[in-house]
Amino acid sequence: MSGLFSAMDISASGLAAERLRMETTANNIANANTTKTENGDPYRRKSVVFSSELQKEGRYTLASGFAGVEVVGIESDDTAFPMVHNPGHPHADEDGMVRMPNVKIPTEMVDMITASRSYEANLSSITMFQEMVEQSLRLLQGGS
């Protein structure tokens, strides 16, 4: 990214990445009680993996400037499923134990708040850039 609007491009990539992070977190919360998916296991928590575009190309240095963020992928959390004693559950085993999803609601809420704040920061950056451009154009037109 280079040129006058690279700041907009960087913030736009951040907006897209944080939006995907919020969607993934919302999907985790929605499936916090899903004990059986199409593969027979409980729902497994997912998280978004970010990388800066310069890190991806292996040429990141402080002197090289800044670049946007890119979503590298969505990973599944491989931690063990917690077991809960609930003999009345339709997916309980013969001992009455149910494997639950490895989603922890407080962790998801922290991720959601962090993604929301990052989204707001990127949006503020775009708004400030637009205001700077508008003021520059007014100055060039001779206005105040």
Side-chain angles (χ1 to χ4, degrees), residues 1-140:
M1 288 182 219
S2 63
L4 179 62
F5 296 102
S6 64
M8 295 273 286
D9 293 338
I10 291 170
S11 294
S13 70
L15 286 175
E18 295 301 339
R19 183 182 59 81
L20 180 62
R21 185 172 164 197
M22 285 191 272
E23 287 176 359
T24 303
T25 303
N27 194 32
N28 287 339
I29 292 171
N31 287 296
N33 292 316
T34 303
T35 56
K36 196 167 208 168
T37 59
E38 59 270 357
N39 66 3
D41 286 335
Y43 177 79
R44 195 168 282 282
R45 179 181 187 268
K46 297 188 176 32
S47 61
V48 179
V49 180
F50 295 145
S51 173
S52 77
E53 291 187 9
L54 290 178
Q55 281 180 330
K56 181 184 75 177
E57 296 172 8
R59 56 184 176 100
Y60 176 76
T61 62
L62 286 177
S64 63
F66 300 100
V69 65
E70 182 184 28
V71 174
V72 175
I74 297 176
E75 291 183 344
S76 293
D77 185 353
D78 291 333
T79 59
F81 295 118
M83 299 292 286
V84 174
H85 183 72
N86 187 357
H89 195 281
H91 299 135
D93 62 11
E94 59 275 355
D95 297 327
M97 301 299 285
V98 179
R99 290 190 314 156
M100 297 298 291
N102 58 357
V103 175
K104 296 176 184 161
I105 295 297
T107 302
E108 300 305 322
M109 293 307 295
V110 169
D111 280 354
M112 183 71 81
I113 291 169
T114 305
S116 175
R117 297 282 164 86
S118 296
Y119 190 91
E120 288 173 5
N122 282 302
L123 197 56
S124 293
S125 175
I126 289 174
T127 302
M128 294 294 283
F129 181 76
Q130 284 178 325
E131 289 175 4
M132 286 177 16
V133 169
E134 288 172 5
Q135 287 179 354
S136 297
L137 289 174
R138 267 185 264 157
L139 287 173
L140 290 173

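The analysis underlying the following values was restricted to heavy atoms, covering all of them including side chains, and did not include hydrogens, waters or symmetry mates. If you read the sequence from its start, that first residue is 1, and numbering goes on from there.
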With side chain to side chain contact (heavy atoms under 4.5 Å, CB included) as the test, would you mind laying out the steps for Gln130 and Val133 before giving the verdict? CA-CA 5 Å; Gln130 284 178 325; Val133 169; 5.8 Å; no

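Every residue meeting the side chain to side chain contact (heavy atoms under 4.5 Å, CB included) condition with Val84, not counting sequence neighbours, appears here in chain and number order: Met100. With sequence neighbours left out, Ser125 forms a side chain to side chain donor-acceptor pair (under 3.5 Å) with Ser11. Residues satisfying the side chain to side chain donor-acceptor pair (under 3.5 Å) test with Arg99, not counting sequence neighbours, are Asp41. Legend: residues meeting salt bridge (Lys or Arg N to Asp or Glu O under 4.0 Å) with Glu120, ordered by chain and number and at least two apart, are absent. Looking at residues two or more places apart in sequence or on another chain, you find a side chain to side chain contact (heavy atoms under 4.5 Å, CB included) between Gln135 and Arg138. The side chain to side chain contact (heavy atoms under 4.5 Å, CB included) check on Ala121 picks up nothing, with sequence neighbours excluded. For Ser124, there are no side chain to side chain contact (heavy atoms under 4.5 Å, CB included) partners, not counting sequence neighbours. Under the rule for a side chain to side chain donor-acceptor pair (under 3.5 Å), Ser47 has no partner lying at least two apart in sequence or in another chain. Every residue two or more places apart in sequence or in another chain was checked for a side chain to side chain donor-acceptor pair (under 3.5 Å) with Thr127, and none qualifies.
For the residue pair Ile105 and Ala32, the shortest heavy atom distance occurs at CD1-CB, 3.7 Å. Annotation for Tyr43 and Asn27: closest pair OH-ND2, 3.5 Å, computed over non-hydrogen atoms. For the pair Pro42 and Phe81, the tightest heavy-atom approach, listed with the atom from each and the gap, is O-CZ, 3.6 Å. In plain terms, the two heavy atoms of Ser13 and Val69 that are nearest each other are OG-N, 3.0 Å. Across all non-hydrogen atoms, the minimal contact from Asn28 to Val103 is O-CG1, 3.6 Å. Considering every non-hydrogen atom in both Ala92 and Pro87, the closest pair reads CB-O, 4.1 Å.
Among pairs with a residue in residues 106-119, those fulfilling salt bridge (Lys or Arg N to Asp or Glu O under 4.0 Å) read Arg45-Glu108, Arg45-Asp111, at least two apart in sequence or across chains. Sequence neighbours left out, the pairs with a member in residues 77-93 that pass side-chain hydrogen bond (donor to acceptor under 3.5 Å, both in side chains) are Thr35-His91, Asp77-Thr79, Thr79-Asn102.
Side-chain atoms of Ser118 come within 3.5 Å of backbone atoms of Thr114 as a donor-acceptor pair (strictly under, hydrogens ignored).
Put simply, CG on Leu15 and CD1 on Ile10 are 12.5 Å apart, with the number rounded to the nearest 0.5 Å. The CE atom of Met112 lies 13.0 Å from the OH atom of Tyr119; values are rounded to the nearest 0.5 Å.
Within 6.0 Å of atom CE in Met128, 12 or fewer heavy atoms from other residues, nucleotides or ligands are found, so the atom counts as exposed in its surroundings. Heavy atoms from other residues, nucleotides or ligands lying under 6.0 Å from NZ of Lys104 number 12 at most.
Between Thr24 and Arg21, every side-chain heavy-atom pair lies at or beyond the 4.5 Å cut-off.
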